[in-house]
Visitor: 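Below is a structure I'd like to ask you about.
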Protein chains: 2
Amino acid sequence: MNEEQICRQYGEILRKCCIFEGIPESEYAELLEYLRAEVRHFGENESILKIGDTKIPSGIVLSGRAEQLFYSGFVQADETQIGEGDIFGTALVCSEPHESTVKIRTVTECDILFLDMSVFFGQSYPCGSQMRIAANMMRLLACQNIFLDTKLRIYSQRTLRNKVLAYLYSMPSENGIVKLPFNQTKLAQFLGVNRSALSRELGRMVDEGIIKTDGKTIEIIKKAAP
Amino acid sequence: MNEEQICRQYGEILRKCCIFEGIPESEYAELLEYLRAEVRHFGENESILKIGDTKIPSGIVLSGRAEQLFYSGFVQADETQIGEGDIFGTALVCSEPHESTVKIRTVTECDILFLDMSVFFGQSYPCGSQMRIAANMMRLLACQNIFLDTKLRIYSQRTLRNKVLAYLYSMPSENGIVKLPFNQTKLAQFLGVNRSALSRELGRMVDEGIIKTDGKTIEIIKKAAP
DNA sequence: ATTCTTTCGTTGCCGAGGCAACAGATTTGT
DNA sequence: ACAAATCTGTTGCCTCGGCAACGAAAGAAT
């Protein structure tokens with residue numbers, strides 16, 4: 001499958017993928033060549049990346065669904081779903097000299113567009129859209145970074161109350177009012193705490209006059225002492 | 001202070017900074033111009049970035065020491081020290097349209113080299129070393145990403161035991177033997193757990209035959225059931 | 001060798017919060 | 001509008017692990 005064919009068949013998906021943002025579709029083919037694009041088909045439950053691998057692939061799911069797993073079988077194996085249009089392996093490309101501590105495998109049948117991100121680290125002198133895609137990659141990585149950093153700060157709070165506060169302060173607010181993008185069940189998952197414990201703690205915080213809530217929003221009344 | 005002067009006075013520090021890796025010193029001046037470099041002096045305890053700011057500076061500490069704080073005064077304010085040669089604000093540049101949830105301020109007197117990373121997202125067509133510095137940025141962001149991701153996986157484990165296991169499996173090992181880069185006290189801090197609780201749990205794990213340890217290394221004997 | 005400092009093992013206490021179970025409220029589908 | 005499903009509040013139980021305190025070990029410094 002050459003670049004032209006990929007564009008024709010999957011242009012729709014690429015257009016929605018953040019690393020192609022701001023790039024005219026007419027340049028896709030050239031870019032795909034630059035990134036040594038290659039489409040491969042996978043069956044159900046096939047391995048894309050194994051733990052310990054040092055050659056890290058990165059790419060975009062064109063169809064089907066894959067998932068990323070931490071440790072094969074132990075402890076709280078957290079799974080990240082990778083669906084159509086999602087990109088994977090972006091952060092791992094850097095760790096090339098390291099070994100992968102995650103594995104990626106298909107869930108359903110998949111078509112996957114592999115991209116060789118290592119070209120950015122080579123000697124080639126990219127220009128125009130090639131630079132643009134590099135910038136998009138930077139932005140993508142940076143956004144993931146911010147996200148992980150925020151989440152880590154929440155998780156590193158010792159008490160449930162402080163997790164809630166850390167969450168609230170990391171959210172955009174309009175004069176102290178935070179709109180919750182989740183229901184309480186999802187919020188508990190996001191904070192990594194027990195659902196009923198969250199409900200209990202929110203109740204206490206309301207009682208103590210720290211917050212007000214109507215279920216959809218939370219208003220921060222009192223700031224903790226510095 | 002122009003680019004030439006910066007190079008002469010601080011070339012030493014820049015050379016050790018990861019974003020200049022692999023770039024011949026002769027090109028520093030040109031690069032600094034491209035990145036709109038600007039050196040500013042700060043007194044003790046001056047603010048570099050405030051919570052809520054939307055214009056995010058990023059740069060390198062040339063002398064002195066600064067720190068990054070999460071929330072002014074609440075809950076577990078985790079502080080990150082930023083010393084000579086350290087770079088800050090790299091991830092935040094992406095979040096430009098967002099508000100900063102951290103603040104950065106100097107601890108001692110500081111000279112700071114501000115770099116305008118937003119040039120990567122502009123229309124300019126960089127080449128040569130400019131691309132190289134972009135690649136270095138990507139690598140830096142990606143490495144931070146891997147680090148945060150790993151740490152988050154550890155933190156998201158519910159039990160202390162699983163945190164230990166998550167840590168061990170995220171470390172390079174030689175046939176099951178992990179060399180600890182920390183003493184136990186630091187390890188506890190890294191895992192975000194109580195020191196004596198860690199000691200207690202390690203003891204239990206040895207008793208149960210899950211690991212062996214001599215204080216400097218830990219050998220994983222038994223893998224938990226999948 | 002001896003003193004000082006840092007680290008590590010151990011132990012008792014106890015409180016935060018995980019878990020389970022249930023009932024009322026809210027949302028969704030038909 | 002009614003039934004089914006999902007979500008939230010509440011409560012009792014019990015364990016994990018934080019905290020404090022102490023003494024032994026192990027380095028460091030003199």
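Proteins come first, then strands; the chains are lettered A, B, ... in the order of their sequence lines, and each starts at number 1.
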Visitor: How sharply is the helix from C/dA1-D/dT30 to C/dT30-D/dA1 bent, taking the axes over five pairs at either end and rounding to 10 degrees?
Guide: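 Angle reported: 60°, given to the nearest ten degrees.
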Visitor: Of all residues at least two apart in sequence or in a different chain, which pass the ring-ring contact (aromatic ring centres under 6.0 Å, His included) check with A/Tyr28?
Guide: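 With neighbours one apart ignored, the set is A/Phe20.
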Visitor: What donor-acceptor contacts under 3.5 angstrom involve side-chain atoms of residues 183-192 of chain A, with partners at least two apart or in another chain?
Guide:
{"from": "A/Asn183", "atom 1": "OD1", "to": "A/Thr185", "atom 2": "N", "distance (Å)": "3.1"}
{"from": "A/Asn183", "atom 1": "OD1", "to": "A/Lys186", "atom 2": "N", "distance (Å)": "2.8"}

Visitor: Would you tabulate the side-chain donor-acceptor contacts of residues 59-67 of chain A under 3.5 Å, counting partners in other chains and residues two or more places apart, or write 'none'?
Guide:
{"from": "A/Ser63", "atom 1": "OG", "to": "A/Asp111", "atom 2": "N", "distance (Å)": "3.2"}
{"from": "A/Ser63", "atom 1": "OG", "to": "A/Asp111", "atom 2": "OD2", "distance (Å)": "3.2"}
{"from": "A/Arg65", "atom 1": "NH1", "to": "A/Gln81", "atom 2": "OE1", "distance (Å)": "2.6"}
{"from": "A/Glu67", "atom 1": "OE1", "to": "A/Gln81", "atom 2": "NE2", "distance (Å)": "3.2"}
{"from": "A/Glu67", "atom 1": "OE2", "to": "A/Arg105", "atom 2": "NH2", "distance (Å)": "3.1"}

Visitor: Going 5' to 3' along DNA chain C, which are the first and last nucleotides with any atom under 4.0 Å from a heavy atom of chain A?
Guide: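 Result: C/dG17 to C/dT27.
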Visitor: Would you give a per-nucleotide map of nucleotides 7-14 of chain D, 5' to 3', where B means the base has a protein non-hydrogen atom under 4.0 Å away, S means only the sugar-phosphate does, and - means neither?
Guide: SBBBBB--
Visitor: Parallel, tilted or perpendicular: which describes the rings of A/Phe114 and A/Phe88, with under 30° parallel and over 60° perpendicular?
Guide: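 Perpendicular.
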Visitor: Could you tell me which residues satisfy side-chain hydrogen bond (donor to acceptor under 3.5 Å, both in side chains) with A/Asp207, sequence neighbours excluded, listed by chain and number?
Guide: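 Partners of A/Asp207 under the side-chain hydrogen bond (donor to acceptor under 3.5 Å, both in side chains) test: none.
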Visitor: Sequence neighbours left out, what passes side-chain hydrogen bond (donor to acceptor under 3.5 Å, both in side chains) with B/Ser173? Give chain and number order.
Guide: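 Here no residue qualifies.
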Visitor: Sequence neighbours excluded, which residues qualify as side-chain hydrogen bond (donor to acceptor under 3.5 Å, both in side chains) partners of B/Thr217?
Guide: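 Per chain and number, B/Thr217 pairs via side-chain hydrogen bond (donor to acceptor under 3.5 Å, both in side chains) with B/Asp214.
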Visitor: Give me each pair satisfying salt bridge (charged side-chain N to carboxylate O under 4.0 Å, His left out) with a member in residues 38-51 of chain B, each pair once, sequence neighbours excluded.
Guide: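 Checked against salt bridge (charged side-chain N to carboxylate O under 4.0 Å, His left out) - neighbours excluded - the pairs reaching residues 38-51 of chain B are B/Glu38-B/Arg40.
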Visitor: Would you list the pairs meeting salt bridge (charged side-chain N to carboxylate O under 4.0 Å, His left out) in which at least one residue belongs to residues 10-23 of chain B, sequence neighbours left out?
Guide: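 Non-adjacent pairs meeting salt bridge (charged side-chain N to carboxylate O under 4.0 Å, His left out): B/Glu12-B/Arg15, B/Arg15-B/Glu25.
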Visitor: Residues in side-chain contact (heavy atoms from CB on, under 4.5 Å) with B/Glu219, at least two apart?
Guide: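 Once residues adjacent in sequence are excluded, the partners of B/Glu219 under the side-chain contact (heavy atoms from CB on, under 4.5 Å) criterion are B/Ile177, B/Lys212, B/Ile221.
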Visitor: Tell me the interatomic distance from A/Asn194, atom CG, to D/dT15, atom P, rounded to whole angstroms.
Guide: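 Between P of D/dT15 and CG of A/Asn194: 16 Å.
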Visitor: Atom CG of B/Leu160 to atom C1' of D/dC19: distance rounded to whole Å?
Guide: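 It works out to 14 Å between those atoms.
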